[in-house]
Amino acid sequence: MTIEKSSNDANVRPDVQEAIRCAQEYLLAQQHPQGYWVGELEADASVSAGYVPIMYFMLGKVDPIRQAKAVSYVRSKQNPDGSWSTFPGGPGDLNVSIQVYFALKLAGVPAVETFMLQGREFILAQGGVRSANVFTKIWLALFGQYDWRDVPRVPPEVVFLPNWFYFNIYDFASWSRATIMALSIVLTTRPVCIVPESANVLELYAGADNMHNVRLGNKQRLLSWRSFFLLADRFFKVWERLPFQPGRKAALRRVEAWIVEHQEADGSWGGIMLPWMYSLFALKSLGYQLDHPVIARGLAGIEDFIVEDDTTLRLQPAVSPVWDTAWSIVALRESGLAADHPALQKAARWLLKQENRHAGDWKVKNPQLQPGSWSFEFNNNWYPDLDDTALVPRALRLVQLGPEQAGDVTRAVERALGWILGMQSKDGGWASFDRDNDKQFLAYVPFADFMSPLDPTCADVTAHVVELLSDVTCNSNQAVQDAMRRAINYLKATQESDHAWYGRWGVNYIYGTGLALAALAASGEDLNQDYIQGAADWLAAHQNPSGGWGESCQ
């Protein structure tokens with residue numbers, strides 16, 4: 001098929017005009033008085049179910065009303081076969097189902113309830129706890145439902161590895177880094193929160209299995225990274241049984257200081273629930289009391305991630321106000337709302353205040369790079385991301401502010417452009433949080449089965465950056481031209497054989513392909529080239545019978 005660059009059509013159908021008007025009114029009505037937009041960020045049932053164990057571990061009790069609401073929500077997400085899924089309409093997932101099942105028992109739900117029996121049947125049919133991933137086993141071990149001896153170790157001494165060393169904590173993706181640092185304490189202190197006998201889940205161990213004989217697994221090939229990490233884990237476990245481990249106390253103190261330093265103003269760690277939760281567990285296992293400012297701030301911050309109504313409680317894994325606000329501006333402007341509309345001006349001013357001028361973890365491998373970026377959440381100074389930093393300047397440039405603030409926008413966009421150019425990876429693409437975070441051997445660490453240790457470049461983030469670079473193109477800026485050329489070559493190199501692009505941060509080929517095509521069109525690429533026309537044909541061929549586009553997470 002043939003595609004051309006779009007242009008504004010003055011002859012829009014009346015029903016389309018009415019749909020746009022209604023959508024604009026709805027969106028404007030959803031704007032927060034401070035100027036931002038934020039929608040609920042949904043997750044699988046294990047996240048909301050996790051509210052119960054988190055509160056029980058930290059406080060020793062759970063508010064009964066909130067607990068009942070969490071149970072109600074989790075029950076509503078159960079599949080007919082007794083399982084719980086990782087996404088709506090998806091197949092049952094063993095790990096989600098185990099975590100939900102345990103949370104329900106901890107909440108006092110009897111194991112003899114029909115829906116609990118169905119859940120147990122599904123879990124055992126999938127191999128039970130023995131077949132679960134490392135995260136689920138650690139989760140159970142925290143409550144005495146799995147043997148700590150059979151969980152892989154992360155020695156806190158890893159914090160002493162210098163940044164120039166081939167393997168160090170800054171080689172892990174940002175979300176993994178923050179979680180692993182907390183886990184290095186948890187897996188050393190190995191705390192156990194005693195739960196009532198009624199909350200035990202020994203019935204989830206298939207056959208003759210029990211919590212005392214389940215192992216990580218066997219080596220596959222002698223000379224492989226998986227074998228290396230499994231052997232290293234066995235070495236660490238033997239070493240920990242020695243009466244003296246030189247440097248252990250100093251390592252724990254260093255990791256503790258790192259964790260405390262990385263707490264955000266809202267009490268979170270990285271603005272996401274996984275490192276947040278384990279950081280709280282780690283610090284409590286070191287003796288931090290509930291009235292310690294770090295713990296108090298961490299627990300209070302969770303409240304802002306809870307969505308509660310009369311019957312249900314949902315725990316969000318993150319919040320997305322910067323992302324939602326920037327896209328709302330783009331949508332309202334492209335649908336015809338005036339550039340000086342008060343709602344857009346208020347949103348733009350709010351985004352300007354959210355600019356991140358902090359030298360986060362990215363500074364370790366980019367010491368000369370100056371800050372100027374945005375993060376996904378309300379508070380996330382340590383981990384700004386390329387996706388938001390590519391989108392926000394585009395949104396800001398669509399809004400007409402007064403002369404003084406217009407200058408603020410120009411300077412903020414210039415800082416963002418400099419930061420983005422400095423974060424381009426060697427292959428020409430951009431990742432989400434770091435540059436050249438691509439050491440593939442890390443994919444074999446024991447934790448990789450639940451938490452990706454890498455932050456690779458991807459077509460969707462690269463496409464957003466290309467759109468920004470196209471929007472602020474300066475023909476005399478050789479650095480911008482070079483970055484654009486390398487980025488377009490990257491998109492060509494990462495196109496699938498069927499002409500689609502894989503999107504890492506959206507689902508998935510529709511997302512990646514749609515963004516890549518929009519970026520290539522904005523960049524000035526000749527749209528008649530075979531690789532672009534092939535992608536357009538792929539999109540047309542994957543239109544749904546309803547007339548829309550979309551795909552399953554599966």
Side-chain angles (χ1 to χ4, degrees), residues 42-54 56 62 67-147 150-151 195-217 273-274 277 311-315 317 446-451 507 552-554:
E42 299 181 55
D44 66 68
S46 69
V47 177
S48 293
Y51 174 79
V52 175
I54 291 172
Y56 198 92
V62 189
Q67 180 171 271
K69 289 182 178 182
V71 168
S72 175
Y73 174 75
V74 166
R75 285 198 58 181
S76 72
K77 298 300 178 181
Q78 189 176 26
N79 297 321
D81 66 354
S83 68
W84 283 267
S85 304
T86 57
F87 59 90
D93 182 83
L94 173 64
N95 295 289
V96 173
S97 298
I98 291 174
Q99 293 166 39
V100 169
Y101 183 94
F102 170 65
L104 289 171
K105 289 200 72 177
L106 187 57
V109 178
V112 295
E113 292 276 1
T114 301
F115 75 93
M116 293 291 281
L117 293 172
Q118 292 172 331
R120 175 186 174 187
E121 183 178 354
F122 171 84
I123 291 168
L124 292 177
Q126 299 298 312
V129 172
R130 182 186 185 90
S131 299
N133 64 23
V134 172
F135 171 75
T136 299
K137 292 170 181 175
I138 293 173
W139 191 240
L140 293 176
L142 285 164
F143 298 91
Q145 304 304 300
Y146 191 82
D147 193 339
D150 297 326
V151 172
V195 300
E197 187 72 22
S198 59
N200 285 342
V201 292
L202 295 181
E203 67 269 23
L204 300 185
Y205 287 83
D209 288 345
N210 60 61
M211 73 173 70
H212 304 294
N213 67 8
V214 185
R215 301 293 176 184
L216 271 178
M273 196 53 62
L274 192 61
M277 172 183 65
T311 58
T312 65
L313 179 145
R314 288 98 66 196
L315 181 60
F447 301 94
D449 63 354
F450 78 91
M451 177 178 64
V507 182
S552 163
C553 294
Q554 192 171 6

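Of the possible polar contacts, none joining the Asn200 side chain to the Leu202 backbone as a donor-acceptor pair under 3.5 Å is found.
For residues 115-129, there are no side-chain hydrogen bond (donor to acceptor under 3.5 Å, both in side chains) pairs, not counting sequence neighbours. Residue pairs satisfying the side-chain hydrogen bond (donor to acceptor under 3.5 Å, both in side chains) criterion with at least one member in residues 100-112, sequence neighbours excluded, are listed as follows: Tyr101-Glu203, Lys105-Glu203. Counting only residues at least two apart or on different chains, no ring pair (Phe, Tyr, Trp, His ring centres under 6.0 Å) pair has a member in residues 67-87. Residue pairs meeting the side-chain hydrogen bond (donor to acceptor under 3.5 Å, both in side chains) criterion with at least one partner in residues 86-98, sequence neighbours excluded, are Asn95-Thr136. Within the structure, the salt bridge (Lys or Arg N to Asp or Glu O under 4.0 Å) test picks out the following pairs touching residues 68-87 (sequence neighbours left out): Lys69-Glu308.
For Ala49 against Ala103, the heavy-atom pair with the smallest separation is O-CB, 3.4 Å. Taking each heavy atom of Pro91 and Ser85 in turn, the nearest pair found is O-OG, 3.1 Å. When all heavy atoms of Ala70 and Val52 are compared, the closest pair comes out as CB-CG2, 4.4 Å.
Residues Gln145 and Val129 have side chains not in contact (no heavy-atom distance under 4.5 Å, counting atoms from C-beta outward). Within the 4.5 Å cutoff, side-chain heavy atoms of Leu274 are placed close to those of Phe135.
Rounding to the nearest 0.5 angstrom, the gap separating the CG atom in Leu94 from the CZ atom in Phe122 is 6.5 Å. To the nearest 0.5 Å, atom CD1 of residue Ile54 and atom CE of residue Met273 are 6.0 Å apart.
The side chain to side chain donor-acceptor pair (under 3.5 Å) test applied to Arg314 returns Glu40, Asp309, Thr312, not counting sequence neighbours. Every side chain to side chain donor-acceptor pair (under 3.5 Å) that Ser46 has, sequence neighbours left out, goes to Asp44. Not counting sequence neighbours, the partners of Pro196 by the side chain to side chain contact (heavy atoms under 4.5 Å, CB included) test are Tyr56, Leu106, Ser198, Ala199.
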Discussion item. Side chain to side chain contact (heavy atoms under 4.5 Å, CB included), that's the test. Do Phe115 and Val109 meet it? Break it down for me.
Written reply: CA-CA 10 Å; Phe115 75 93; Val109 178; 3.5 Å; yes
Item to complete: Check step by step if side chain to side chain contact (heavy atoms under 4.5 Å, CB included) holds for Leu140 and Ile98.
Response: CA-CA 9 Å; Leu140 293 176; Ile98 291 174; 4.1 Å; yes
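Taking the six-membered ring where the residue is Trp, Phe143 and Phe102 present tilted rings, their angle falling between 30° and 60°.
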